[in-house]
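Quick notes on the structure that follows.
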Amino acid sequence: MRRLNRKKTLNLMKELDAFPKVPESYVETSASGGTVSLIAFTTIAFLTVMEFMVYRDTWMKYEYEVDKDFTSKLRINIDITVAMRCQYVGADVLDLAETMVASADGLIYEPVVFELSPQQKEWQRMLQLIQSRLQEEHSLQDVIFKSAFKSASTALPPREDNSLQSPDACRIHGHLYVNKVAGNFHITVGKAIPHPRGHAHLAALVSHESYNFSHRIDHLSFGELIPGIINPLDGTEKIASDHNQMFQYFITVVPTKLHTYKISAETHQFSVTERERVINHAAGSHGVSGIFMKYDISSLMVTVTEEHMPFWQFLVRLCGIIGGIFSTTGILHGFGRFVAEVIFCRFRLGSYKSTSVPLPDGHTSNHLPLSTDNNTH
């Protein structure tokens with residue numbers, strides 16, 4: 001009884017077989033089929049390798065949402081060299097809440113030589129080249145995000161030569177914590193002093209002839225400091241053409257959460273527009289000589305996530321490639337054989353000429369005579 005049930009089960013499974021086997025004696029092979037099969041296997045191998053390369057690669061996904069964090073402080077990372085002596089310049093921040101953050105809270109004034117050494121000039125040239133390529137190819141920013149914490153440091157290298165030249169510039173570097181509202185970071189003549197209506201700078205004791213706001217921005221960023229990230233103003237150098245000159249940078253800061261397979265950090269991206277002009281009150285160009293960076297905080301937050309193709313999706317795409325190529329080549333091969341047979345059949349029919357055969361009743365027949373084995377019937 002068990003054998004009978006097992007036999008019925010096997011017969012039922014055979015009837016459900018969707019892949020019936022064809023005996024080899026019924027299979028016909030051809031040179032054209034072999035050629036098409038070779039092309040199909042080569043194409044499958046090539047596309048499989050390409051698909052595996054896509055599977056290994058990652059891409060950056062950008063999501064946007066409203067920034068709900070309005071109570072935290074914003075960190076500003078600064079490394080700027082001004083072509084004036086440190087006792088003549090002062091840096092501070094004044095925001096819309098009229099809160100002044102003095103440079104003494106986190107900035108260091110270091111006397112340096114404004115002229116770069118040969119190694120430092122090469123570093124600046126390479127950084128400016130990268131900046132120009134980033135402006136042309138925005139997708140390179142994804143590569144920088146992926147290589148964060150893994151690439152070389154973007155900081156200005158120390159001087160390799162012991163210059164005997166006396167310091168003629170001031171390097172202002174460090175970081176400040178400010179309110180998360182629009183503000184104005186500026187470097188101008190004189191040290192900042194508190195004032196009931198804002199703040200002021202002691203510039204009366206500095207001669208106008210010593211004004212020189214030629215400057216180099218080695219680094220400027222907002223938020224957490226991430227090695228390997230290149231910011232829009234890194235490597236910027238401006239040479240003043242007049243003693244009384246104002247340099248303005250209008251910056252829009254965008255809060256950014258970065259999640260890659262290497263790091264997870266909260267930082268800020270920013271875009272910037274530049275403007276510079278000579279202060280000439282007689283010509284109607286009013287203002288104060290110095291470097292002014294006016295920043296504003298965007299209400300949107302960007303979340304940048306590094307994503308990878310799931311393994312199951314890779315298998316599905318691979319099966320689609322293999323099955324699609326086999327089906328397509330099979331259809332094309334069958335259609336090609338059909339067209340070839342139609343053309344060859346027409347040539348064969350045209351090679352036989354019509355022959356008249358006399359009939360016993362005196363009529364003639366234009367049909368081809370039937371051939372027999374002995375041709376005597």
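For the numbers below, each heavy atom of this structure counts, side chains included, while hydrogens, waters and symmetry mates do not. Nothing fancy with the numbering, it's 1 onward along the sequence.
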(request) Please identify each residue that fulfils side-chain contact (heavy atoms from CB on, under 4.5 Å) with Thr329, with sequence neighbours left out. (result) Val36, Ala40, Ile325
(request) Please identify each residue that fulfils side-chain contact (heavy atoms from CB on, under 4.5 Å) with Pro310, with sequence neighbours left out. (result) Trp312, Gln313
(request) Identify, with sequence neighbours excluded, every residue that meets side-chain contact (heavy atoms from CB on, under 4.5 Å) alongside Gln87. (result) Arg85
(request) Would you mind listing every salt bridge (charged side-chain N to carboxylate O under 4.0 Å, His left out) that reaches into residues 314-330, with sequence neighbours excluded? (result) Glu51-Arg317
(request) Could you list all the salt bridge (charged side-chain N to carboxylate O under 4.0 Å, His left out) pairs where at least one residue sits in residues 106-119, not counting sequence neighbours? (result) Glu110-Arg171, Glu115-Lys121
(message) Using every non-hydrogen atom in the two residues, find where Ser166 and Val113 come nearest and quote the distance to one decimal.
(response) O-CG2, 4.2 Å
(message) Which residues end up grouped with Met246 if you chain together Ile, Leu, Val, Met, Phe, Trp and Tyr wherever their side-chain heavy atoms are less than 4.5 Å apart?
(response) Ile279, Val288, Phe292
(message) Phe52: which residues meet the ring pair (Phe, Tyr, Trp, His ring centres under 6.0 Å) condition with it, sequence neighbours left out?
(response) none
(message) Rounded to the nearest 0.5 Å, what separates atom SG in Cys170 from atom CD1 in Ile187?
(response) 8.5 Å
(request) Return the set of residues passing ring pair (Phe, Tyr, Trp, His ring centres under 6.0 Å) with His259 (not counting sequence neighbours), or none when no residue passes. (result) none
(request) Name all pairs fulfilling the salt bridge (charged side-chain N to carboxylate O under 4.0 Å, His left out) condition that reach into residues 325-334, sequence neighbours left out, sorted by first residue then second. (result) none
(message) Please give me the minimum heavy-atom distance between His175 and Leu107, naming the atom from each residue.
(response) N-CD2, 3.8 Å
(message) The criterion is side-chain contact (heavy atoms from CB on, under 4.5 Å); which residues satisfy it with Arg275, sequence neighbours excluded?
(response) Gln248, Phe250, Arg277
(request) Kindly compute the distance separating CD1 (Ile322) from OG (Ser327), expressed to the nearest 0.5 Å. (result) 11.5 Å
(request) Establish, from distance only, whether the side-chain atoms of Ser241 and Gln245 form a donor-acceptor pair under 3.5 Å. (result) yes
(message) Please say yes or no: joined through hydrophobic side-chain contacts below 4.5 Å, possibly via intermediate residues, are Phe326 and Ile321 part of one cluster?
(response) yes
(message) Let's go through Thr188 and Tyr88 carefully: what are the C-alpha distance in whole Å and the side-chain angles of both, what is the deciding distance for side-chain contact (heavy atoms from CB on, under 4.5 Å) to 0.1 Å, and is it a yes or a no?
(response) CA-CA 9 Å; Thr188 187; Tyr88 294 157; over 6 Å; no
(message) Test of understanding: clusters of I, L, V, M, F, W, Y form through side-chain heavy atoms closer than 4.5 Å, transitively. Do Met84 and Val112 belong to the same one?
(response) no
(message) Does atom CZ (Phe311) have a neighbourhood of more than 12 heavy atoms from anything else shown, all under 6.0 Å?
(response) no
(message) Other members of the hydrophobic cluster containing Phe114, with the 4.5 Å side-chain heavy-atom rule, please.
(response) Ile239
Side-chain polar contacts of residues 65-75 - donor-acceptor pairs under 3.5 angstrom, sequence neighbours left out - could you list them?
unit_1, atom_1, unit_2, atom_2, d
Asp67, OD1, Asp69, N, 3.2
Asp67, OD2, Lys180, NZ, 3.2
Asp69, OD1, Ser72, N, 3.4
Asp69, OD1, Ser72, OG, 3.3
Asp69, OD2, Ser72, OG, 2.7
Lys73, NZ, Asn179, OD1, 2.5
Arg75, NE, Asn77, OD1, 2.5
Arg75, NH1, Tyr177, OH, 3.4
Arg75, NH2, Asn77, OD1, 3.2

(message) Can you give me the closest heavy-atom contact between His308 and Thr58, atom names plus distance?
(response) CD2-CG2, 3.7 Å
(request) To the nearest 0.5 Å, tell me how far Leu38 CG sits from Thr43 OG1. (result) 9.0 Å
(request) Would you tell me whether Thr256 and Gln269 have side-chain atoms, one donor and one acceptor, within less than 3.5 Å of each other? (result) yes
(request) Test Phe213 against every option in Val82, Asn244, Asp242 by the side-chain contact (heavy atoms from CB on, under 4.5 Å) rule and name the one that passes. (result) Val82
(request) Please round to the nearest 0.5 Å and tell me the distance separating atom CD of Glu63 and atom NZ of Lys257. (result) 11.0 Å
(message) Are Tyr249 and Thr236 packed together at the side-chain level, in the sense that at least one heavy-atom pair is separated by less than 4.5 angstrom?
(response) yes
(message) For a quick test of reading the model, state the closest non-hydrogen atom pair linking Ala240 to Ser214 and the distance between them.
(response) N-OG, 2.8 Å
(request) Supply the atom-to-atom distance Ile130 CD1 to Arg125 CZ, rounded to the nearest 0.5 angstrom. (result) 10.0 Å
(request) Hey, could you give me the NE2/CD1 distance between His215 and Ile172, rounded to the nearest 0.5 Å? (result) 11.0 Å
